[in-house]
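The structure appears below as structure tokens.
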2 protein chains.
Amino acid sequence: MARRNDHSREEIQAMAIEAAIDILNNEGPGSLSTRKVAKAIGYTVGTLYLVFKNLDELILQVNATTLDELEDGIVAVSQDQLNPVSTLKAMALAYLHYAQDNFARWSLLFTWRLPEGEPVPEWFDAKVAGVFEKVREPLQQLRPDSDAQTCLQAAREIWSGVHGACDLGLNGKLSFGGEFKPDTLIESLVENYLIGFAKA
Amino acid sequence: MARRNDHSREEIQAMAIEAAIDILNNEGPGSLSTRKVAKAIGYTVGTLYLVFKNLDELILQVNATTLDELEDGIVAVSQDQLNPVSTLKAMALAYLHYAQDNFARWSLLFTWRLPEGEPVPEWFDAKVAGVFEKVREPLQQLRPDSDAQTCLQAAREIWSGVHGACDLGLNGKLSFGGEFKPDTLIESLVENYLIGFAKA
DNA sequence: ACCTGAACACCGTTCAAGT
DNA sequence: ACCTGAACACCGTTCAAGT
């Protein structure tokens, strides 16, 4: 057929990312493929390789939008909180709820691994750092005399806990031998950690 | 060829699991396949489906041995510790080191997902519960008056943190904008959490 | 210049046919 | 009874050939 200029390079990229997100939402992680994306946007697989280097690059773009939404979700709830502790709790629960509501994309963000040599591009790392920065702010309020580096480490510590609870919880590795709901678990985890952090 | 009775069903299963572990160690997660396992043990793919229902069942067996080793590693270091806090720290670091040294298998244990309907078999859940039980013991010592259920929840909370730090750390999602080594991060996380937990 | 379609080297899974 | 080998329906990726 060889249709010409129906869409620009950028338009095809945008269409592909949107199609990939649809497939993830409807069919779950693991059923995403270049061939399915190509079919969904009405082009051949070959065309996909004209606008993306490979599947990894497409997934990286999908993950970037996931990360953006994740940050937006966390920031949104942190506005109308009375103190740093409730802010951090609200952010943690927002993270959990995003992961629950967008399980396939949230999963892909953390399970996807680039091939051996390939490093994650700088702009992507910067995005991740941006999320941690949002977590740092309330921690800084909690301990105004600490330097930024200390609070950045604390942000990584507390978020490791929140992320880990989501990971284990949403993958069914927490709830047996009794009810252990991720949200109550996360609230208690954040509470206990912050007692220690505030005291030091 | 159709060789007969060279190996029993159980022997073929054991050989396959061992071969799968080798492939994971040498080629990383994601390059495990039924065809590679079959070739490694000198049988056809068809034979693999005679002794395992499918790839998921083989992986479940591999994950079971990983879980056993993980528990052994944690228990080993908890023997000669002076108090519950140092026990928990030692266990957390043992978990990290196992994950570092056996990255492919540790990854597989947490990234593998069974197809939609399939539930994880009970015996596997029991294994996971067994690991949490080991974490519960020192927590119980720390707060002898608390009931088992409270300590089991705490075990899940603290291990969410340890697991999350391993996950993010080993996948390069922690160390940018400064050095954040997983081991110092985990130690501090456990310390802070336990201050809160002991106080309550 | 843009896009296709067929090819290549892989997958998981099944099952008639061979010994 | 045990095992094979070919088949089916999928993958990611490449690239000569078409318009």
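Proteins get letters first, then strands, A, B, ... in listed order; numbering begins at 1 in each.
In this structure, A:Gln13 places its CD atom 13 Å from P of C:dC2, rounding to the nearest Å. Distance B:Arg9 CZ to D:dC3 P: 11 Å, rounded to the nearest Å. Between the CD1 atom of A:Ile41 and the C1' atom of C:dC2 there is a distance of 14 Å, given to the nearest Å. Distance A:Tyr43 OH to C:dG5 P: 13 Å, rounded to the nearest Å.
Under the 4.5 Å side-chain heavy-atom criterion for grouping Ile, Leu, Val, Met, Phe, Trp and Tyr, A:Leu109 is connected to A:Leu114 within one hydrophobic cluster.
Taking every heavy atom of residues 48-63 of chain B and every atom of DNA chain C, pairs under 4.0 Å involve B:Tyr49, B:Asn54, B:Leu55, by number. Sorted by residue number, the members of residues 27-35 of chain B with any non-hydrogen atom under 4.0 Å from DNA chain C read B:Leu32, B:Ser33, B:Thr34, B:Arg35.
Shown here are the side chain to side chain contact (heavy atoms under 4.5 Å, CB included) partners of A:Lys36, two or more places apart in sequence or in another chain: A:Ile23, A:Glu27, A:Ser31, A:Ser33. B:Leu50 meets the side chain to side chain contact (heavy atoms under 4.5 Å, CB included) test with no other residue; sequence neighbours excluded. In terms of the side chain to side chain contact (heavy atoms under 4.5 Å, CB included) criterion, A:Ala126 has no residue partners (sequence neighbours excluded).
Paired runs in DNA chain C that reach 3 or more consecutive Watson-Crick or G-U pairs, where each pair keeps both distances under 3.5 Å, cover C:4-8 with D:12-16, C:12-16 with D:4-8.
Remark: the A:Trp106 side chain and the A:Asp101 side chain contain no N/O donor-acceptor pair separated by less than 3.5 Å. Side-chain contact of B:Arg105 with B:Asn25: a donor-acceptor pair under 3.5 Å is absent, judged by distance alone. For the residue pair B:Glu137/B:Gln141, the side-chain donor-acceptor check at 3.5 Å is not satisfied. The closest side-chain donor-acceptor pair between B:Asp68 and B:Thr65, if any, does not fall under 3.5 angstrom.
Without hydrogens or angle criteria, A:Ser160 side chain to A:Arg156 main chain gives a donor-acceptor distance under 3.5 Å. The backbone N or O of A:Phe197 lies less than 3.5 Å from a partner atom in the side chain of A:Arg143, making a donor-acceptor pair. Under the 3.5 Å distance criterion, the side-chain polar atoms of A:Thr66 are matched with a main-chain donor or acceptor of A:Val62.
For A:Thr47 and B:Lys36, each mapped to the nucleotide of DNA chain C holding its nearest heavy atom, the one lying further toward the 5' end belongs to A:Thr47.
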